[in-house]
Amino acid sequence: MNLVMIFFGAIFFNNFIFNRFMGICPFLGVSKRLDTSVGMGMAVAFVMTVASTLTWLLQKLLVLWHLEYMQTIVFILVIAALVQFVEMFLQKVSPTLYKALGVYLPLITTNCAILGIAILNIGLGYNLLETIIHSLGASAGFTLAMVILAGIREKLELSDVPEAFSGVPIALITAGIIAMAFSGFVL
Amino acid sequence: MIDKLLELLMPILLLTGLGVVFAGVLAWADVKFKVEKDPKIDEILAVLPGANCGGCGHAGCAAFAEAVASGNAPVNGCPVGRQKVALEISKIMGVTSE
């Protein structure tokens with residue numbers, strides 16, 4: 001029951017983009033088209049889940065050796081290595097997606113949602129299983145947010161937006177309105 | 001004394017160890033997920049100055065090399081390398097740089 005709460009809580013009540021406001025850069029950058037936003041969501045999901053699992057294990061080691069102050073730098077190292085791996089993998093498996101994601105793929109390294117969840121899992125005192133479920137939920141929430149915005153932005157392309165608002169401004173306003181809708185999820 | 005020394009050594013050992021492990025995994029992935037590219041790209045990249053100055057109008061030397069190999073940039077497009085580099089690139093591409 002607790003695991004179910006953690007999973008859905010991370011998707012709706014504590015959505016990383018709409019409630020914690022983390023990972024806004026790829027959220028706005030890659031949400032122009034539905035298929036790239038799904039690809040980005042998958043890449044983030046992989047990095048998030050594996051990174052938080054590895055960092056959870058490494059945190060045990062850090063505590064054991066009294067090196068807690070190294071947390072940030074060790075976590076960033078893990079995330080950077082994973083992103084590099086994902087980049088190589090995508091370049092091989094899907095060159096189109098690799099091209100479409102462009103600079104936002106290496107930028108997952110500096111996506112604060114990923115470092116955020118790694119540190120949050122430690123701070124909330126989750127065990128390994130809870131950590132994995134929480135990361136899966138958070139990345140599902142991230143993908144959901146991306147897909148919602150991408151769907152709306154694809155429609156916006158065809159609609160008559162005032163010139164001053166066209167492009168990123170209307171996307172930001174849209175994101176704000178969705179965030180308000182998400183704040184309606186209260187436990 | 002030993003304790004203090006260990007306190008200093010542990011973080012160094014930890015980060016070096018992690019670095020080595022990740023480097024090993026990435027090196028394996030590099031071989032495993034190797035993408036077949038135009039071999040000219042690497043050859044051109046090798047003769048370029050490698051300053052990534054962006055003077056040619058591309059994002060860096062790698063982007064310029066890719067553009068030259070695909071015919072989207074002139075062989076004498078590198079303002080830093082001047083004639084010498086242009087000559088070598090034109091040799092790789094099999095054209096004259098005049």
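Note on naming: letters A, B, ... go to the chains in the order of the sequence lines (proteins, then strands), and numbering restarts at 1 for each one.
- In terms of hydrophobic clustering, with Ile, Leu, Val, Met, Phe, Trp and Tyr side chains grouped at heavy-atom distances under 4.5 Å, A:L34 and A:L105 are assigned to different clusters.
- When the side chains of ILVMFWY residues are joined at heavy-atom separations under 4.5 Å, either directly or via intervening members, A:L57 and B:V21 end up in two distinct hydrophobic clusters.
- Taken from CE in A:M88 to CG in B:L26, the straight-line distance is 5.0 Å, to the nearest 0.5 Å.
- Surrounding CZ of B:F22 are more than 12 heavy atoms belonging to other residues, nucleotides or ligands, all under 6.0 Å away.
- Interatomic distance, NZ of B:K32 versus CZ of A:F85, reported as 9.5 Å (0.5 Å rounding).
- Cluster membership for A:L28 and A:F182, using ILVMFWY side-chain heavy atoms within less than 4.5 angstrom, is shared.
- Side-chain contact between A:W65 and B:P11 is absent, with no heavy atoms from C-beta onward closer than 4.5 Å.
- Residues A:L115 and A:L124 fall within the same hydrophobic cluster, defined by Ile, Leu, Val, Met, Phe, Trp and Tyr side chains chained together at heavy-atom separations under 4.5 Å.
- Note that CG of B:D30 and NZ of A:K92 are 11.0 Å apart. Values are rounded to the nearest 0.5 Å.
- Within 6.0 Å of the CD1 atom in A:I73, the count of heavy atoms belonging to other residues, nucleotides or ligands does not exceed 12.
- At a 4.5 Å heavy-atom cutoff, A:L82 makes no contact with chain B through either its backbone or its side chain.
- Distance check: A:L61 CG to B:M10 CE gives 8.0 Å after rounding to the nearest 0.5 Å.
- Using a 4.5 Å cut-off between heavy atoms, A:V78 contacts chain B through both its backbone and its side chain.
- Heavy atoms closer than 4.5 Å to chain B are found in both the backbone and the side chain of A:L77.
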